[in-house]
Amino acid sequence: PRRDVMSADGMADVGEILPLLPAQAGMLFDLVSGAAQPGAYIGVVTLRLTGDVDPMRLETALTEAVRCRDALSASFVWKGTAKPVQVVHLAPNVPFETLDWSAEPDLEARLSALVRAERLKGFTLTQAPLVRGTLIFSAAGQSVLVLTVHHLVADGWSVGPFLQDLFDRYFRIESDCARPAGSARLRDALVWSKKKRVRSAEEAFWTNHMAGAPEATILETAADRPADAGDGLAFHRDRALDRTLSAALIDLARTSRTTLYTVISAAWAMVLRRHGSGDDVMIGQVDAGRPTAVPGIGAAVGAFVNTLPLRIKMDPTQTVSQLLAEIEADARKRAPHRFAALADVQRWAGAGSGTPLFQSVVVSESFPELNLADGPISVTKTDVIGPGNVPLALAIYPGETLTLRLEADPKLHGADGVDMLLEEMAHLLAAISKDPNQRISDCFQSAVAAGEPNLAAVPPFRSVTEAIFAQAQAT
């Protein structure tokens, strides 16, 4: 009831009280139960700005950009209510700080330390907004804007619409709180979910899909030598793919009538299989979670993204092309049921509360380009760090040259192991792009033959079928 929420500490100027989206419910459970890793679900966006920035004007624009979005103006209440809710505030004050680092001898080191501090600082979930900003003047006409946003209120795709709105307001000095034209509200998605989702169909599909699913296992590599985990923050390593390979992978997705995401997911499943996950692999598939039936949902801001298990069953004698076709066919069956809550899928799968169905995820990181053509300032570089809460998260950054980023839990993985996994991915992708008609069991051998000796150092996983076949050939 509204009076229960209003009685909570710090609850003032309440506009409306809304239920949670599935992704929000999952994240809040992790955070409240203590299952979340340090810095989990804290996104930090850094933008390098060129031009003279007015800090007061930027602070005003940021405040209005937050206040006009119901999702960004929310705090969360879970004590004293039947179910957790989000409380949309009418006029939250956005923390904003201005720093002068023009005399800083090592800007990058200090900026890196600030980003880590922002992730560790986190937010008080019962106090809105879960957004704050820092403007750093680094040199004449050069500055860095650091925005810290909790994933409870905005997913990765939301960064684009949020930043566009922020700079539109900065350039126009808007003083009203009108929601951007053509943009849906968080409430619109919640109403659609309540009216249109068919829970019985979701339960039937996921119960059948998860029948006999293997227990999630944490990938281990011989090269993993976790150092002192320190503050426990997830770290990441990047691996850029050259233009030739990037173009070949995009072409493979096109000719296979599937997506680049599916190609990368299939390769990742093959890497997991190689390291002992077996022929039935479970990974987390990150979906935009935005129902196209809701007008303006593409420009909306909120935690719509939904992560559900992607089950990839491999027959080592089948070709990569056949595997891609099977994953694509499975995706079409999953599509109507992709808005289910992960907690419900866990229950339907027979897993206990909090029992992970997967230990790694694959996500495509992209957001719309900013349109700042007529503005007095320009954004020269943007970086987004937004760790989830799994031991390994493989992110795909699109462009003329694709980049793979692997985020890892430092308590379980070391830098050498993560680098090795990225190298395996790069050489495996090269092998399957050259010959998608080769058998799955031959893919790593072809990568070794192509000149990657490091892959030969890891004994390939053999299923029971392959072991029997190998023994028969030997005798």
Side-chain angles (χ1 to χ4, degrees), residues 39-48 108 111-112 115 119 144-149 151 154-164 233-254 258-269 271 283-290 298 304-305 307 310 360-371 379-408 413 415 418-430 432-433:
Y41 308 127
I42 303 295
V44 182
V45 184
T46 57
L47 300 100
R48 312 298 176 107
E108 297 307 317
L111 183 60
S112 178
V115 170
R119 292 168 60 192
V144 182
L145 176 60
V146 179
L147 296 173
T148 307
V149 185
H151 284 334
D155 55 26
W157 181 263
S158 298
V159 171
F162 174 44
L163 291 179
Q164 188 66 61
L233 285 178
F235 70 96
H236 71 263
R237 309 285 280 188
D238 292 346
R239 177 61 159 86
L241 307 182
D242 62 38
R243 290 176 183 269
T244 301
L245 177 54
S246 298
L249 291 172
I250 293 172
D251 187 61
L252 172 60
R254 180 184 58 79
T258 188
T259 64
L260 179 64
Y261 182 93
T262 295
V263 172
I264 301 296
S265 296
W268 180 243
V271 168
I283 62 178
Q285 182 179 49
V286 181
D287 183 86
R290 295 172 181 250
F304 303 106
V305 67
T307 305
L310 172 62
S360 68
V361 301
V362 178
V363 57
S364 179
E365 292 283 12
S366 62
F367 56 85
E369 292 289 333
L370 297 177
N371 179 15
V379 177
T380 56
K381 183 181 179 183
T382 303
D383 191 25
V384 181
I385 295 178
N389 196 40
V390 291
L392 287 169
L394 180 65
I396 312 160
Y397 288 83
E400 289 186 4
T401 58
L402 302 174
T403 297
L404 302 180
R405 170 172 291 182
L406 191 55
E407 295 176 347
H413 298 281
V418 172
D419 284 340
M420 189 193 76
L421 291 173
L422 285 171
E423 283 303 305
E424 286 190 33
M425 277 291 292
H427 289 282
L428 175 60
L429 289 169
I432 65 177
S433 66

Does any non-hydrogen side-chain atom of [Y] lie less than 4.5 Å from one of [X]?
{"X": "V44", "Y": "V146", "answer": "yes"}
{"X": "I396", "Y": "V362", "answer": "yes"}
{"X": "M425", "Y": "V271", "answer": "yes"}
{"X": "I264", "Y": "T262", "answer": "no"}
{"X": "L249", "Y": "L429", "answer": "yes"}
{"X": "L145", "Y": "T46", "answer": "no"}
{"X": "V418", "Y": "F235", "answer": "yes"}
{"X": "R48", "Y": "L111", "answer": "yes"}

Treating [X] as the side-chain partner and [Y] as the backbone partner, does any N or O pair qualify as donor plus acceptor under 3.5 Å?
{"X": "D238", "Y": "R405", "value": "no"}
{"X": "S112", "Y": "E108", "value": "no"}
{"X": "W157", "Y": "V305", "value": "no"}
{"X": "S364", "Y": "Y261", "value": "no"}

What closest approach, in Å, do [X] and [Y] show between heavy atoms, and which atom pair accounts for it?
{"X": "A267", "Y": "I432", "answer": "CB-CD1, 4.4 Å"}
{"X": "L245", "Y": "D242", "answer": "N-OD1, 2.7 Å"}
{"X": "N389", "Y": "A40", "answer": "OD1-CB, 3.8 Å"}
{"X": "S265", "Y": "L310", "answer": "CB-CD2, 4.2 Å"}
{"X": "P391", "Y": "H413", "answer": "O-CD2, 3.9 Å"}

- [ ] I would like to know whether L252 and L260 meet side chain to side chain contact (heavy atoms under 4.5 Å, CB included); could you show each step before the answer?
- [x] CA-CA 8 Å; L252 172 60; L260 179 64; over 6 Å; no

Task: Side-chain donor-acceptor contact under 3.5 Å, T259 with R254 - done: no

- [ ] List the steps and the verdict of side chain to side chain contact (heavy atoms under 4.5 Å, CB included) for L241 and R239.
- [x] CA-CA 6 Å; L241 307 182; R239 177 61 159 86; 4.2 Å; yes

Task: Check against side chain to side chain contact (heavy atoms under 4.5 Å, CB included), V149 and V159 - done: CA-CA 9 Å; V149 185; V159 171; over 6 Å; no

At what distance, to the nearest 0.5 angstrom, does [atom1] of [X] lie from [atom2] of [Y]?
{"X": "L404", "Y": "L402", "atom1": "CG", "atom2": "CG", "result": "7.0 Å"}
{"X": "R290", "Y": "F304", "atom1": "CZ", "atom2": "CZ", "result": "5.0 Å"}
{"X": "S433", "Y": "I250", "atom1": "OG", "atom2": "CD1", "result": "11.5 Å"}
{"X": "L406", "Y": "M420", "atom1": "CG", "atom2": "CE", "result": "11.0 Å"}
{"X": "Y41", "Y": "R119", "atom1": "OH", "atom2": "CZ", "result": "13.5 Å"}
{"X": "S360", "Y": "I283", "atom1": "OG", "atom2": "CD1", "result": "6.0 Å"}

Open item on the list: The test is side chain to side chain contact (heavy atoms under 4.5 Å, CB included); show your working for H151 and S158 and say whether it passes.
Closed with: CA-CA 10 Å; H151 284 334; S158 298; over 6 Å; no

